[in-house]
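Notes follow the structure.
All values derive from a computational prediction rather than experimental measurement.
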Number of protein chains: 2
Amino acid sequence: MAASTLTEVARLAGVSPATASRVLNGSARIPGKDIADRVRQAAESLGYIPNAQAQGLAKSSSGLIGLIVHDIADPYFAAIARGVQEAAREQHKMVLLATTVGAPDSEKEAVAAFAARRADSIVIAGSRTSRAEDLEGNTELAAELDRYCRNGGHVSVIGHGIVGAAAADGYHVVNVPNEELAAHLATELATSREEDFVIVGGPEGLFTSDDRIRGFQRGLASAGLPAADVIRTDFTRAGGFEAGLALAARITASQPGTETKRLCIFAVNDVMAIGAAAALRSQGLRIPRDAAVAGFDDIETLRDFRPALSTVHLPLEEIGRQAASRAAGPSADDAGSPPITGQVILRRSTEVAHPTSAESVA
Amino acid sequence: MAASTLTEVARLAGVSPATASRVLNGSARIPGKDIADRVRQAAESLGYIPNAQAQGLAKSSSGLIGLIVHDIADPYFAAIARGVQEAAREQHKMVLLATTVGAPDSEKEAVAAFAARRADSIVIAGSRTSRAEDLEGNTELAAELDRYCRNGGHVSVIGHGIVGAAAADGYHVVNVPNEELAAHLATELATSREEDFVIVGGPEGLFTSDDRIRGFQRGLASAGLPAADVIRTDFTRAGGFEAGLALAARITASQPGTETKRLCIFAVNDVMAIGAAAALRSQGLRIPRDAAVAGFDDIETLRDFRPALSTVHLPLEEIGRQAASRAAGPSADDAGSPPITGQVILRRSTEVAHPTSAESVA
DNA sequence: CTGAATTGGGAAAGCGCATTCCCACTGCGT
DNA sequence: ACGCAGTGGGAATGCGCTTTCCCAATTCAG
């Protein structure tokens, strides 16, 4: 027994398919009360479930919203996904998920798949890149998106526009003030301290990473401090760990008596910061005693990470929600949603050393 | 300019739509090489993207696999989602996401929505419940699933079958040996210790929770120990925290000199364990010195949680993958995938007190 | 060299629904 | 009492694609 169709319902109710369609879906014309009840009852007794594919085909819209992330199990993306999901629920749409590992060509594929399914809108999360090796991929991705937009699709990308994407309408960017926030973090961290700053960043060309690095340096500069060293590594926990190992070596090497300043490590995202912290700990170093560490994003995982990590809070869920609704809304109040703002949060990981022993006496 | 259609491609290539369809999709009949090339080229130049809705309508299958979780940002579900996503990619399908907060009626809705979209299969994660207040919802959910299955859908639920679901074919359960593993954990923990055991469980009726509680008690019993107290609370971090607070009070109360055994707390999942640990810490208690804590699941978050939490490792990703492919496969080798197994992992949180001071001397 | 078995392409009938027309029927005004 | 706008339902068309069926052109056996 295949799923029952509208026609069957209509027949059972003794009306035409047209009428049945009108009562079961919000049509402009609402049939008479009595007949409507008959149809509804027939539908109920048949356990009728409208075929969304057919509906979509007929009205060319699918009630689908596509979400592209690097990795759904990454807390950063998971939080955004939650927001998108919420927005989708409000719009009575469903979320179609695609995970790419950040590879533009795989993102392009995802866009094509979404386009094939006639997704009403697409949300792309995950940092954009301007690396040379991604150039071709980016171009293709941009082309695919452009075509999607021209066919009436809506795209909203989180953080930074796609390189080479024309400013088609239906194309939105949810801006995240990475640079400003990083600058702010730097100035906060620079206050009344004497530390050497080091930045643990992602590969060159990753916008999110680059923006945060630039901002942080600017913050330091405005505080009258010299630019920080930058270690380039993977934009992952593993990358952070690796950098952390290198830094640990540097710290222990300079330890002996010499009056070196404490190291303050800024990792451009929280998972990297966690990795770095883990590396330091694995080398017997303690935070914040032997080094300060700060991250960025304020992912949920941080809640139970010790020492409590200083970071920049980003309303991840809200970002996801906004991306999803910005793309969906009939461009409703283009400035309808407030711009994304973050917040520097200083926690224990960057506290100044306890004024114990020597210092407190001195 | 709307997306180009198969017909347009066919016209441009000078063939019939039928032929175009045959070459652009894996049909049984493959047209001649020359003609195929013409078609492919036409498709390429037009940037043709097949309309998946129409395809689905025509062959009544959608290339969609529905995933139902409580909360996509929960690391437990996120890990499963990753597995499902991977399996989906292998099957060249896309994942449709639905988050319910564990409410059966909202799960029912999700199933209906998936059915409407003619999802090829549905994966349901998240503990089943047998609570009285969910009875009605469960029945409806079961009915909905049953209908979905009868219409050719495939369902696989993780952990424990839906209450009241008929054993329709197309209905699979990925079994997780919760009870056995919990028992195993208990015996491991019971070895050469003198501790009071306490179980922090979810609300009564949650199968996952109940199974683990039962298993743990059985393990204790087989080790000749008395049954542990059970604290019922929410199946969340907050629930764990609350219970942790209560336990902290109990510990500090009995602290003074009295020769009380150390408390060993088994939380039925990791997030609850984390909550409990956080609560203890907030009260100035230290793990494992003042109490031992163990969880279940081995979620990724644990990697960076200190003290390292003892737990039972579950191959979450594999579980998700298996659920997705079990449902998809043409029942291929019904025993094709190996049963899920877990592994007790003892870490620092349940170590016996350091044989320092008193004890080592004595 | 002819008839039968293939082969390869096209025509056409849906898949399940939305929607535009179109028609029969009311109720109103003058 | 007649015509008119207005109302409520049905017939038919099309969304874009798959697939069965059919027919012309080959090919091969006898």
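Classification of Glu107(A) and Arg128(A) as a salt-bridged pair holds, one side-chain N sitting under 4.0 Å from a carboxylate O. Salt bridge annotation for Arg89(A)-Glu86(A): absent, with no cationic side-chain nitrogen under 4.0 angstrom from a carboxylate oxygen. A salt bridge between Glu8(B) and Arg11(B) is absent, with no side-chain N of the basic residue lying under 4.0 Å from a carboxylate O of the acidic one. A salt bridge links Arg147(B) with Glu144(B): the distance from a Lys NZ or Arg NE/NH1/NH2 to an Asp or Glu carboxylate oxygen falls below 4.0 Å. A salt bridge links Arg131(A) to Asp134(A): at least one charged side-chain nitrogen sits closer than 4.0 Å to a carboxylate oxygen.
Within 6.0 Å of atom CD in Glu44(B), 12 or fewer heavy atoms from other residues, nucleotides or ligands are found, so the atom counts as exposed in its surroundings.
Nucleotide dG16(C) holds its C1' atom 14 Å from the CG atom of Leu46(A), rounded to whole Å. Summarising the geometry, the separation between CG on Leu24(B) and P on dG9(C) is reported as 14 Å, rounded to the nearest angstrom. Atom CG in Asn151(B) sits roughly 15 Å away from atom C1' in dC15(C) (whole-Å rounding). The CG-P distance, from Leu6(A) to dT19(C), rounds to 12 Å in whole Å.
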Run the numbers on Gln91(A) and Asp120(A) for side-chain hydrogen bond (donor to acceptor under 3.5 Å, both in side chains), then give the verdict.
CA-CA 11 Å; Gln91(A) 299 170 33; Asp120(A) 297 332; over 6 Å; no
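Partners of Asn175(B) according to the side-chain hydrogen bond (donor to acceptor under 3.5 Å, both in side chains) rule, which considers only residues two or more places apart in sequence or in another chain, do not exist here. Take Gln85(A) and apply the side-chain hydrogen bond (donor to acceptor under 3.5 Å, both in side chains) test, not counting sequence neighbours, and it matches no residue.
The salt bridge (charged side-chain N to carboxylate O under 4.0 Å, His left out) contacts involving residues 30-39 of chain A comprise Lys33(A)-Asp37(A), where partners must be two or more places apart or lie in separate chains.
Residues Asp71(B) and Thr99(B) bring no donor and acceptor atom of their side chains to less than 3.5 Å of each other.
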Taking only N/O atoms, report every protein-nucleotides 6-9 of chain D pair under 3.5 Å with atom names and distance.
{"from": "dG8(D)", "atom 1": "N7", "to": "Arg29(A)", "atom 2": "NH2", "distance (Å)": "3.4"}
{"from": "dG9(D)", "atom 1": "OP2", "to": "Gly32(A)", "atom 2": "N", "distance (Å)": "3.1"}
{"from": "dG9(D)", "atom 1": "N7", "to": "Arg29(A)", "atom 2": "NH2", "distance (Å)": "2.1"}
{"from": "dG9(D)", "atom 1": "O6", "to": "Arg29(A)", "atom 2": "NH1", "distance (Å)": "2.5"}
{"from": "dG9(D)", "atom 1": "O6", "to": "Arg29(A)", "atom 2": "NH2", "distance (Å)": "2.8"}

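Residue Asn25(A) places none of its side-chain N or O atoms closer than 4.0 Å to OP1 or OP2 of dC17(C).
Of the candidates dG10(C), dC17(C), dA11(D), dA11(D) carries the atom nearest the Ala18(A) side chain, counting heavy atoms from C-beta on.
Residues from residues 48-63 of chain B that place a heavy atom under 4.0 Å from any atom of DNA chain C, listed by number: Leu57(B), Ala58(B).
Consecutive Watson-Crick or G-U pairing (both distances under 3.5 Å) extending over three or more pairs maps onto DNA chain C as C:1-30 with D:1-30.
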